[in-house]
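In what follows, a structure is listed as structure tokens, so that the remarks can point back to it.
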Amino acid sequence: MRNFLKILTYLRPYRRKAVIALAALTVSILTDLAVPRLIQTIVDNGISKGDMHVVLGTMGIMLGVSALGAVVSIINTRYSVDVAMGFGTDVRTATFRNIQGFSFSNLDDNRTGALMTNLTSDVTRVQGTVQMAMRIMTRAPLMLLGSIVLMLVTSPSLAVWVVLLLAITGAMVVVLSTKAQPIFLRVQAKLDRLNTLLQENLAGMRLVKAFVRSNEENRRFGVVNDDLMDQNVRVQRLFAVIMPTMTVIVNLGTVLVILIGGRQAIGGTLTTGQLMAFINYLMITMFPLLMMGNLLVMLSQAEASAGRINGVLDTKSSIVDQPGVIDLSDVRGRVAFEHITFSYDHECGESVLQDVNFVAEPGQTVAILGETGSGKTTLINLIPRFYDVCGGRVTVDGVDVRDVTLASLRKHVGIALQEAVLFTGTLRDNIRYGRPDASQEEVEAAAQAAQAEEFILGTPKGYDTMVEERGANLSGGQKQRIAIARALLLKPSILILDDSTSAVDVDTEARIQEALLRLHSQCTVFIVAQRISTVLAADKILVLDKGRIAAEGTHQELMQTSSIYREIYESQLGGGTTNG
Ligand SMILES: Nc1ncnc2c1ncn2[C@@H]1O[C@H](COP(=O)(O)OP(=O)(O)OP(=O)(O)O)[C@@H](O)[C@H]1O
């Protein structure tokens, strides 16, 4: 229960409402417990003695008690719903906010599907359990206690038998729910797997179709879905046995009470009213006790969910501002890599970058070339400090990127990521994503430089055209140009284009480069490229090979000095233009 109890700290703002809900619950229990005693009075003092006044008077009290019971029940439900919903919303918000603070490395460690499950079904389950806790879960033990006390007061000798029966039933409930617990946890695990599979499938539906893998996907889904069904069937089968068994026990208990109580009543040591009260107490005690079985299972599910939520909530971003760091201001754009070693492994095991050294002077265009997997994206990700290095340091204007605030560093770095991610909203909103206050003129200027304006104005609604989920209504090249415009709008001192013109035709790419040239004096540009035509005009070309800089220089220099570069050049442009 450690995780569930820990997450209950989020109940703190709702303490007052929780107390009201529990107070209302206590009154409602008292009213429930009063009814059998009132029936006893009606039978013993009214019907047996032929006193209609007692019958009518006690009935009046019963009605009043029932009405009070109904009112406090409504109050209890209202307040417990308020508490549970508020609690659930706060936990969801806290989890979401913590995920927003995740570093790239934290995101690498957490699968999207699992995070989605945390934010949806896990939070809902914990929230549901809190609501149950304030209604039935507290009710059951209190009811049990109250009934036992009242039974002992009514007839201690009969109560002893009933307490024995309750103890046996309680033990059975614990045994059965302990048996059911692992099955319920397995159902949960299967459901999580189904969610992850569904999410992956729906996100990649186009790929599934393109590769004609629907049958295989149907089979995969079928396996997981059948698995879930099997587990659910096992749970239901267990319940099919548990519920009738419990009913038999309740009935046996009633028979026992009638047998022993009947004898006492005939012998004159127990009144008929007391006997009836006993049977009623047995009923109102047994059912909450049986329900405790379900509640124990619910608690263990909530514990598992709370464990997963706590896992996310306790994850601290691996990239944070160190104490005493300053804001980076007035950036000129000199970027230096000094003996950089980097690994994705938290323990800095296998290196992806090794002893990388270079300097990009303000206003220079630095192109990074290299075969796939050579470490190009990894290298540029170190400039905005998406990851921390294992050795060496990355500096901007001579300052280590770890010695300035993340927000101020990233404000000066515009980046168009390898995969152009767009959000639902208008094209304008997407371009303005990093600077929502930008004017229309600024948006247009950025779109023009990114060669995006022509296609934007070609759409019926222009800048107001809605982008569908993940930019589904745009072409790859259009998405890339919006992503470049988005980066340019920041007017960054350092601009990073990570293979972000790969889906754009060569002419458009050349026009984007011309526009970037005009920005030269204001901005240091890093271009990761696969196409050599993209890098010919760069002030400096870095050729990466298995995480090391294999060659560095301008196009002309590299044609003289680097065989790897010459090979790439020959293979792509083979004897064509040598401008640059
Ligand atoms: N998030 C990550 N976690 C672990 N390993 C990674 C991660 N990202 C990249 N790698 C590994 O690091 C190496 C360099 O990857 P990187 O993406 O930097 O290459 P790249 O040169 O940009 O390749 P491409 O041209 O295909 O984009 C690869 O071996 C890759 O498998």
Side-chain angles (χ1 to χ4, degrees), residues 99 101-115 200 203 207 315 317-319 335 337 339-358 360 365-392 394 401 410 413-421 476-477 479-480 483-484 487 494-504 509 525-536 538 540-552 558 562 564-565 567-569 571-572:
I99 295 173
F102 272 17
S103 67
F104 275 48
S105 178
N106 296 138
L107 291 170
D108 291 343
D109 295 340
N110 287 274
R111 283 174 302 119
T112 315
L115 291 177
E200 220 174 71
L207 192 80
T315 302
S317 173
S318 50
I319 305 270
V335 176
F337 274 53
H339 302 289
I340 294 299
T341 309
F342 176 80
S343 167
Y344 283 103
D345 176 4
H346 297 303
E347 266 74 53
C348 285
E350 206 179 320
S351 295
V352 172
L353 294 178
Q354 288 145 48
D355 199 27
V356 171
N357 284 291
F358 73 88
T365 296
V366 175
I368 302 149
L369 208 66
E371 64 183 31
T372 170
S374 54
K376 304 182 293 293
T377 299
T378 307
L379 186 145
I380 51 104
N381 276 347
L382 299 180
I383 302 171
R385 206 182 156 208
F386 289 156
Y387 294 90
D388 270 341
V389 295
C390 288
V394 177
V401 289
R410 291 181 185 169
V413 182
I415 187 160
L417 296 169
Q418 195 166 29
E419 189 196 352
V421 178
K479 276 193 276 193
Q480 285 192 333
I484 295 174
I494 301 163
L495 176 70
I496 300 174
L497 304 178
D498 185 0
D499 217 359
S500 41
T501 47
S502 58
V504 173
E509 185 184 35
V525 183
F526 289 86
I527 300 179
V528 172
Q530 299 284 354
R531 281 201 295 244
I532 206 151
S533 57
T534 316
V535 307
L536 291 177
K540 183 178 279 185
I541 301 167
L542 306 175
V543 183
L544 269 191
D545 183 31
K546 298 186 187 71
R548 288 180 185 277
I549 295 187
E552 175 182 347
L558 290 176
S562 168
I564 300 185
Y565 185 80
E567 263 172 42
I568 303 173
Y569 180 82
S571 67
Q572 289 192 17

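Counting starts at 1 for both ligands and their atoms, in listed order. The first residue in the sequence is number 1, and the count goes up from there.
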Hey, which atoms in ligand 1 end up nearer than 4.0 Å to a heavy atom of [X]?
X: K376; result: 18 (O), 19 (O), 20 (P), 21 (O), 22 (O), 23 (O), 24 (P), 25 (O)
X: D108; result: 1 (N), 2 (C)
X: S374; result: 19 (O), 21 (O)
X: V352; result: 12 (O), 13 (C), 14 (C)
X: T378; result: 14 (C), 15 (O), 16 (P), 18 (O)

Protein heavy atoms near atom 31 (O) of ligand 1, is at least one of them under 4.0 angstrom away? no
Point-to-point distance, once rounded to the nearest 0.5 Å, from [atom1] of [X] to [atom2] of [Y]:
X: R548; Y: T341; atom1: CZ; atom2: OG1; answer: 8.5 Å
X: L353; Y: K546; atom1: CG; atom2: NZ; answer: 14.0 Å
X: I541; Y: L369; atom1: CD1; atom2: CG; answer: 7.0 Å
X: F342; Y: L379; atom1: CZ; atom2: CG; answer: 10.5 Å
X: I319; Y: D388; atom1: CD1; atom2: CG; answer: 3.5 Å

Looking only at protein heavy atoms, which one is nearest to [atom], and how far off is it?
atom: atom 5 (N) of ligand 1; value: Y344 CD1, 3.3 Å
atom: atom 17 (O) of ligand 1; value: T377 CB, 3.7 Å
atom: atom 27 (O) of ligand 1; value: Q418 NE2, 2.7 Å
atom: atom 24 (P) of ligand 1; value: T372 OG1, 3.7 Å

side-chain contact (heavy atoms from CB on, under 4.5 Å) test vs F526 passes for just one of L495, I494, L497, namely I494
Out of G373, A529, S351, whose heavy atom is nearest to atom 14 (C) of ligand 1? G373
Does G375, backbone or side chain, put an N or O under 3.5 Å from an N or O of ligand 1? yes
Would you please say whether a donor-acceptor pair under 3.5 Å links the side chains of T378 and Y344? yes
Ring centres under 6.0 Å, that's the criterion: do F102 and F104 meet it? no
Region of Y387 that comes within reach of ligand 1 [heavy atoms, distance under 4.0 Å]: side chain
Do side-chain atoms of N106 reach the backbone of S103 as a donor and acceptor pair under 3.5 angstrom? yes
